[in-house]
Amino acid sequence: MDTFAEQLIYKYPSSKDNATKFLIYAVAIILALVTIMLTIPTWFGGFGLVLAGGIAWLGYYLGTKQYIEYEYIITNGEIDIDKIVAKSKRTRLLTVKVSTFTAYGELTQDIKDDDSLTLVLASENTGIDDWYADFENESYGKTRLIFTPNEKFRECIKPYLRNGIKLKKD
């Protein structure tokens, strides 16, 4: 029997993300206003308005790049993680077979950080109900995936875990 589940996760912005977005918008507005003020009194006025509009659009474009979602798909024991930026650009972060997991469970304070692992963050960024999976990946080497799967997604993972993989919580 085939197993399939998909889940869309919105990455909640951190303080740094919000500050970056605010800075982008503020700089765009200031540059657009300065451009208008410097070009209106001259014969470049029409060009200045077009340039200011372009600067405002660029600020909007860069600001919306801060909206990030992750899509998890599991099909017969193979997990695909995609990053979606501004609801328009999709990038595949990784594909991994659950059977290659060397560790899997809920991410708690007891889980030690390992600097030898490549970290792939694909979670809500809230720290609540985050799970981890350690595995070997062709592109990244030893990898730790941190993600926020719901109950249905975790149930689809269980049958494909190797013997000896103990869940920290379930």
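Any value given below was found using the heavy atoms of this structure, including those in side chains, with hydrogens, waters and symmetry copies removed.
- Contact between Ala122 and Leu145 at its shortest, heavy atoms only, is CB-CD1, 4.3 Å.
- In this structure a side-chain-to-backbone donor-acceptor pair under 3.5 Å is missing from Asp130 to Leu107.
- Ion pairing of Glu155 with Lys152 is absent here, as no side-chain N (NZ or NE/NH1/NH2) approaches a carboxylate O to less than 4.0 Å.
- Using the six-membered ring where Trp is involved, Tyr61 and Trp57 have ring planes that are parallel, under 30° apart on the 30 and 60° scheme.
- Atom CD1 of Ile40 and atom OG1 of Thr42 lie 8.0 Å apart (nearest 0.5 Å).
- Counting heavy atoms from C-beta on, the side chains of Ile73 and Ile79 never come closer than 4.5 Å.
- Classified by interplanar angle (parallel below 30°, tilted 30° to 60°, perpendicular above 60°), the ring pair Phe147/Tyr104 is tilted.
- Placement of Val85 and Tyr60 in two distinct hydrophobic clusters is found when ILVMFWY residues are connected by side-chain heavy-atom separations under 4.5 Å, directly or transitively.
- For the atom pair CD1 of Ile24 and CG of Leu62, the computed distance is 5.5 Å after rounding to the nearest 0.5 Å.
- Taken from CZ in Arg144 to CG in Leu119, the straight-line distance is 7.5 Å, to the nearest 0.5 Å.
- To the nearest 0.5 Å, atoms OG (Ser139) and CG (Leu93) are separated by 11.0 Å.
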Q: Output, in order, the C-alpha distance, side-chain angles, deciding distance and verdict of side chain to side chain contact (heavy atoms under 4.5 Å, CB included) for Leu51 and Ile36.
A: CA-CA 8 Å; Leu51 186 60; Ile36 290 171; over 6 Å; no
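- A salt bridge links Asp129 to Arg154: at least one charged side-chain nitrogen sits closer than 4.0 Å to a carboxylate oxygen.
- Ion pairing between a basic and an acidic side chain is recognised when a charged N comes within 4.0 Å of a carboxylate O; Glu136 and Lys142 show no such pairing.
- Between the Arg162 side chain and the Phe101 main chain, a donor and an acceptor come within less than 3.5 Å of each other.
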Q: Please test Ile84 against Glu71 for side chain to side chain contact (heavy atoms under 4.5 Å, CB included), starting from the C-alpha separation and ending with a verdict.
A: CA-CA 7 Å; Ile84 304 167; Glu71 182 179 45; 4.2 Å; yes
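- Taking the side chain as every heavy atom from C-beta outward, Thr20 and Gln66 approach each other to under 4.5 Å.
- Ile55 is not connected to Leu38 by any chain of hydrophobic side-chain contacts under 4.5 Å among Ile, Leu, Val, Met, Phe, Trp and Tyr, and they are in different clusters.
- Closest approach of Gln7 and Asn150 over heavy atoms only: OE1-N, 2.8 Å.
- Here the closest non-hydrogen pair linking Ala28 and Gly59 is CB-CA, 3.6 Å.
- The line from CD of Glu6 to CG of Asp82 is 10.5 Å long, rounded to the nearest 0.5 Å.
- Hydrophobic cluster membership differs between Tyr12 and Ile68, with clusters built from Ile, Leu, Val, Met, Phe, Trp and Tyr side chains linked at under 4.5 angstrom.
- Residues Ile157 and Tyr160 share a hydrophobic cluster, clusters being chains of Ile/Leu/Val/Met/Phe/Trp/Tyr side chains in contact below 4.5 Å.
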Q: In sequence, state the C-alpha distance, the side-chain angles, and the governing distance for Ser123 and Asn125, and then conclude on side chain to side chain donor-acceptor pair (under 3.5 Å).
A: CA-CA 5 Å; Ser123 69; Asn125 200 29; 5.4 Å; no
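- Glu69 has no carboxylate O lying under 4.0 Å from a charged side-chain N of Lys83, or vice versa, which leaves the two without a salt bridge.
- Ion pairing between a basic and an acidic side chain is recognised when a charged N comes within 4.0 Å of a carboxylate O; Asp17 and Lys11 show such pairing.
- To the nearest 0.5 angstrom, Trp131 atom CH2 is 10.5 Å from Thr108 atom OG1.
- The shortest non-hydrogen separation linking Phe153 to Pro149 is CD2-CB, 3.7 Å.
- Looking at Thr35, its side chain never comes within 3.5 Å of a backbone N or O of Leu33 through a donor-acceptor pair.
- For Tyr72 (side chain) and Thr148 (main-chain N/O), a donor-acceptor pair under 3.5 Å exists by modelled atom type.
- Note that Lys21 lies in the cation-pi zone of Tyr67, set by a 6.0 Å cut-off to the ring centre and a 45° limit from the axis.
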Q | side chain to side chain contact (heavy atoms under 4.5 Å, CB included) between Asp114 and Lys112, worked out | A | CA-CA 6 Å; Asp114 188 350; Lys112 302 288 186 244; over 6 Å; no
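- Counting all heavy atoms, side chain and backbone alike, Phe135 lies closest to Thr102 at N-OG1, 4.0 Å.
- Closest non-hydrogen pair, Phe4 versus Thr75, comes out as CD1-OG1, 3.4 Å.
- Salt-bridge formation is detected for the pair Arg92/Asp80: a Lys NZ or Arg NE/NH1/NH2 atom is positioned less than 4.0 Å from an Asp or Glu carboxylate oxygen.
- Clustering ILVMFWY residues whenever any of their side-chain heavy atoms sit less than 4.5 angstrom apart, transitively, puts Val96 in the very cluster that holds Tyr140.
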**Q.** side chain to side chain contact (heavy atoms under 4.5 Å, CB included) between Thr143 and Asp134, intermediate numbers included
**A.** CA-CA 6 Å; Thr143 306; Asp134 294 342; over 6 Å; no
